[in-house]
Amino acid sequence: MAQPEGDYMGADNFDRTLNEFKRRTPFRPFAVTLVNGDRFEVDYPGALVFRDGVAVYIGSGGVPHVFDHEGVSEIIGDLMGQAEG
């Protein structure tokens with residue numbers, strides 16, 4: 001789900017989208033791409049917390065990823081079809 005350049009995802013939509021990905025049954029990992037080009041994979045739903053357009057994901061090794069609705073350029077739900085860049 002890509003965001004047009006300069007068009008930020010609203011806080012409510014951000015929370016709703018993350019909730020949908022977090023609650024998929026069975027859970028499937030998804031990736032978050034930030035506007036600065038950073039990208040990380042959410043591979044464990046219990047390590048993701050979000051509220052009011054702000055989220056924290058604790059990745060492998062305890063590495064925190066803090067991001068908000070204005071900093072996300074894309075959320076990729078189907079990692080099988082994505083090539084590493």
Side-chain angles (χ1 to χ4, degrees):
M1 141 180 150
Q3 296 298 308
E5 188 173 329
D7 186 20
Y8 299 111
M9 178 185 296
D12 289 341
N13 191 35
F14 176 84
D15 290 355
R16 188 172 32 259
T17 300
L18 287 177
N19 193 46
E20 288 175 13
F21 281 115
K22 182 177 179 176
R23 293 179 181 262
R24 290 193 291 188
T25 303
F27 175 79
R28 294 180 307 282
F30 61 94
V32 176
T33 305
L34 304 178
V35 294
N36 69 3
D38 290 349
R39 177 179 165 170
F40 59 91
E41 183 177 314
V42 176
D43 61 359
Y44 180 68
L48 175 66
V49 178
F50 49 90
R51 183 175 181 180
D52 297 332
V54 178
V56 177
Y57 174 68
I58 308 300
S60 298
V63 176
H65 300 275
V66 179
F67 57 105
D68 66 12
H69 67 100
E70 292 182 348
V72 173
S73 66
E74 185 175 32
I75 298 175
I76 303 167
D78 180 12
L79 299 180
M80 297 298 289
Q82 297 296 312
E84 288 297 314

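Residues take their numbers from the sequence shown, with the count starting at 1.
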Run through the side-chain heavy atoms of Ile, Leu, Val, Met, Phe, Trp and Tyr, join any pair under 4.5 Å, and report what else lands in [X]'s cluster.
X	value
Val49	none
Val66	Val56, Ile58
Val54	none

Please report the shortest heavy-atom distance between [X] and [Y], naming the atom on each side.
X	Y	answer
Arg24	Pro29	NH2-O, 3.6 Å
Val72	Ile75	CG1-CG1, 3.8 Å
Phe27	Val42	CZ-O, 3.7 Å
Gly77	Phe21	CA-CE2, 3.4 Å
Ala11	Gly53	CB-CA, 3.7 Å

Sort and list the pairs that fulfil side chain to side chain donor-acceptor pair (under 3.5 Å) and have at least one residue in residues 42-66, not counting sequence neighbours.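 Applying side chain to side chain donor-acceptor pair (under 3.5 Å) to every pair that reaches into residues 42-66, excluding sequence neighbours, yields Asp43-Tyr57.
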What donor-acceptor contacts under 3.5 angstrom involve side-chain atoms of residues 30-37, with partners at least two apart or in another chain?
from: Asn36; atom 1: OD1; to: Asp38; atom 2: N; distance (Å): 2.9
from: Asn36; atom 1: ND2; to: Asp38; atom 2: OD2; distance (Å): 3.4

Who pairs with Asn19 by side-chain hydrogen bond (donor to acceptor under 3.5 Å, both in side chains), at least two apart in sequence or on another chain?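 Counting only residues at least two positions away or on another chain, Asn19 forms a side-chain hydrogen bond (donor to acceptor under 3.5 Å, both in side chains) with Arg23.
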